[in-house]
Amino acid sequence: MPITPATSTHSSSNGTAEAILLELVDENGTTIGTAEKLAAHQPPGQLHRAFSVFLFDEQGRLLLQQRALGKYHSPGVWSNTCCGHPYPGEAPFAAAARRTHEELGVSPSLLAEAGTVRYNHPDPDSGLVEQEFNHLFVGLVQSPLRPDAEEIGDTAFVTAAELAARHAKDPFSSWFMTVLDAARPAVRELTGPSAGW
């Protein structure tokens, strides 16, 4: 992981795992504190900063990831290219680029802001709650993927029609359609009208 001022405090010199802290925010997205990651997702959930990335190939197909079965939250479901939480003090754009590289082994050739969305999605399977102020990003991927098997079970590039068919039969993350719908204007601008997004 690249070391930045925000991430340096989250790296342990002796190799032990430290508690992951999230940035708590108010309804306007202003930082008001921090909370441990799992605690922030316990019902009823604490509103925290997050990000979602949607990367497309040159044919306008969306890169989906299937979350690894070992993940404690929403294992095995399909979702957008990458999502996660900035470290306290880390810019959402930097966090999105960092996490995309950590999970997929690629750096987007283009990454642009696509707005924000606020949502509250309980996950009945895990009992956890996604109470998030989510920063959205769209971009292009032009390099071969090198997914981290601890994070990602599978990947797929899909057209808009293929996504609709897959969404009708496969399990997806509770937040997927909310973030995709919020990002659609930027997705259409990136992919053009012929891609059908």
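Every value quoted in this text rests on a predicted model; they were computed, and no experiment measured them. We use all heavy atoms of the structure for the numbers below, so side chains are in, but hydrogens, waters and symmetry mates are not.
With contacts defined as side-chain heavy-atom distances shorter than 4.5 Å, the pair Leu163/Trp78 does not qualify. Annotation: side chain of His135 is not in contact with side chain of Glu113 (no heavy-atom distance under 4.5 Å). Pro86 places none of its side-chain heavy atoms less than 4.5 Å from the side chain of Glu23. Between Glu132 and His41, some side-chain heavy-atom pair lies under the 4.5 Å cut-off. Side chains of Asn134 and Thr178 form no contact here, defined as non-hydrogen atoms less than 4.5 Å apart. Between Leu111 and Thr100 the shortest side-chain heavy-atom distance does not fall below 4.5 Å. The side-chain heavy atoms of Gln42 and Leu128, taken from C-beta on, include a pair separated by under 4.5 Å. A 4.5 Å side-chain heavy-atom check between Gln66 and Pro147 finds every atom pair outside the cut-off.
By the criterion of side-chain heavy atoms lying less than 4.5 angstrom apart, applied directly or through intervening Ile, Leu, Val, Met, Phe, Trp or Tyr residues, Met177 is not grouped with Leu63; the two fall into different hydrophobic clusters. Residues Ile32 and Leu47 do not share a hydrophobic cluster, clusters being chains of Ile/Leu/Val/Met/Phe/Trp/Tyr side chains in contact below 4.5 Å. Side-chain heavy atoms closer than 4.5 Å link hydrophobic residues (I, L, V, M, F, W, Y) into clusters, and following such links, possibly through other members, connects Leu180 to Val138. Linking Ile, Leu, Val, Met, Phe, Trp and Tyr residues whenever their side-chain heavy atoms come within less than 4.5 Å leaves Tyr119 and Val25 in two separate clusters. By the rule that hydrophobic residues join a cluster once side-chain heavy atoms approach within less than 4.5 Å of another member, Trp175 and Ile152 end up as members of separate clusters.
For the atom pair CD (Glu103) and OG1 (Thr155), the distance works out to 12.0 Å, reported to the nearest 0.5 Å. Between Glu130 atom CD and His48 atom NE2 the span is 5.0 Å, to the nearest 0.5 Å. We find the CG-CZ distance between Asn28 and Phe133 to be 7.5 Å, quoted to the nearest 0.5 Å. Leu62 CG to Asn80 CG: the interatomic distance, rounded to the nearest 0.5 Å, is 7.5 Å. For the atom pair OG (Ser143) and NE2 (His101), the distance works out to 9.0 Å, reported to the nearest 0.5 Å. To the nearest 0.5 Å, atom CG of residue Leu24 and atom CZ of residue Arg49 are 10.0 Å apart.
Between Phe137 and Phe93, the two ring planes are perpendicular [angle over 60°; tilted spans 30° to 60°].
Applying the 6.0 Å contact sphere to CD of Glu150 captures no more than 12 heavy atoms from other residues, nucleotides or ligands. The environment of CD in Glu189 is sparse: at most 12 heavy-atom neighbours from other residues, nucleotides or ligands sit within 6.0 Å.
A donor-acceptor contact shorter than 3.5 Å links the side chain of Asp57 to the backbone of Gln59.
Checked against Leu136 for a side chain to side chain contact (heavy atoms under 4.5 Å, CB included), the options Val187, Val117, Val53 give a single hit: Val117. Remark: of the listed residues Val106, Leu55, Leu64, Leu55 is the sole one forming a side chain to side chain contact (heavy atoms under 4.5 Å, CB included) with Thr81.
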Walk me through whether Val77 and Phe172 qualify under side chain to side chain contact (heavy atoms under 4.5 Å, CB included). CA-CA 5 Å; Val77 302; Phe172 273 73; 5.6 Å; no
Derivation of the side chain to side chain contact (heavy atoms under 4.5 Å, CB included) call for Leu140 and Leu190: CA-CA 9 Å; Leu140 296 173; Leu190 175 72; 4.2 Å; yes
Step by step, work out the ring pair (Phe, Tyr, Trp, His ring centres under 6.0 Å) result for His85 and Tyr87. CA-CA 6 Å; His85 309 92; Tyr87 292 129; 10.0 Å; no
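When all heavy atoms of Ser79 and Ser173 are compared, the closest pair comes out as OG-OG, 2.8 Å. Of all the heavy atoms in Thr159 and Trp197, the pair that sits closest is C-CZ2, 3.7 Å. Contact record, Phe176 with His167: CD2-CD2, 4.1 Å, taken as the closest heavy-atom pair. When all heavy atoms of Ser174 and His121 are compared, the pair lying nearest together is OG-CB, 3.6 Å. Considering every non-hydrogen atom in both Gly60 and Ala195, the closest pair reads O-CB, 4.3 Å. Residues Pro88 and Thr34 approach most closely at CG-CG2, 3.8 Å, considering heavy atoms.
Looking at Glu102 and Arg98, a side-chain N of the basic residue comes within less than 4.0 Å of a carboxylate O on the acidic one, giving a salt bridge. Ion pairing of Glu151 with Arg99 is present here, as a side-chain N (NZ or NE/NH1/NH2) and a carboxylate O approach within less than 4.0 Å.
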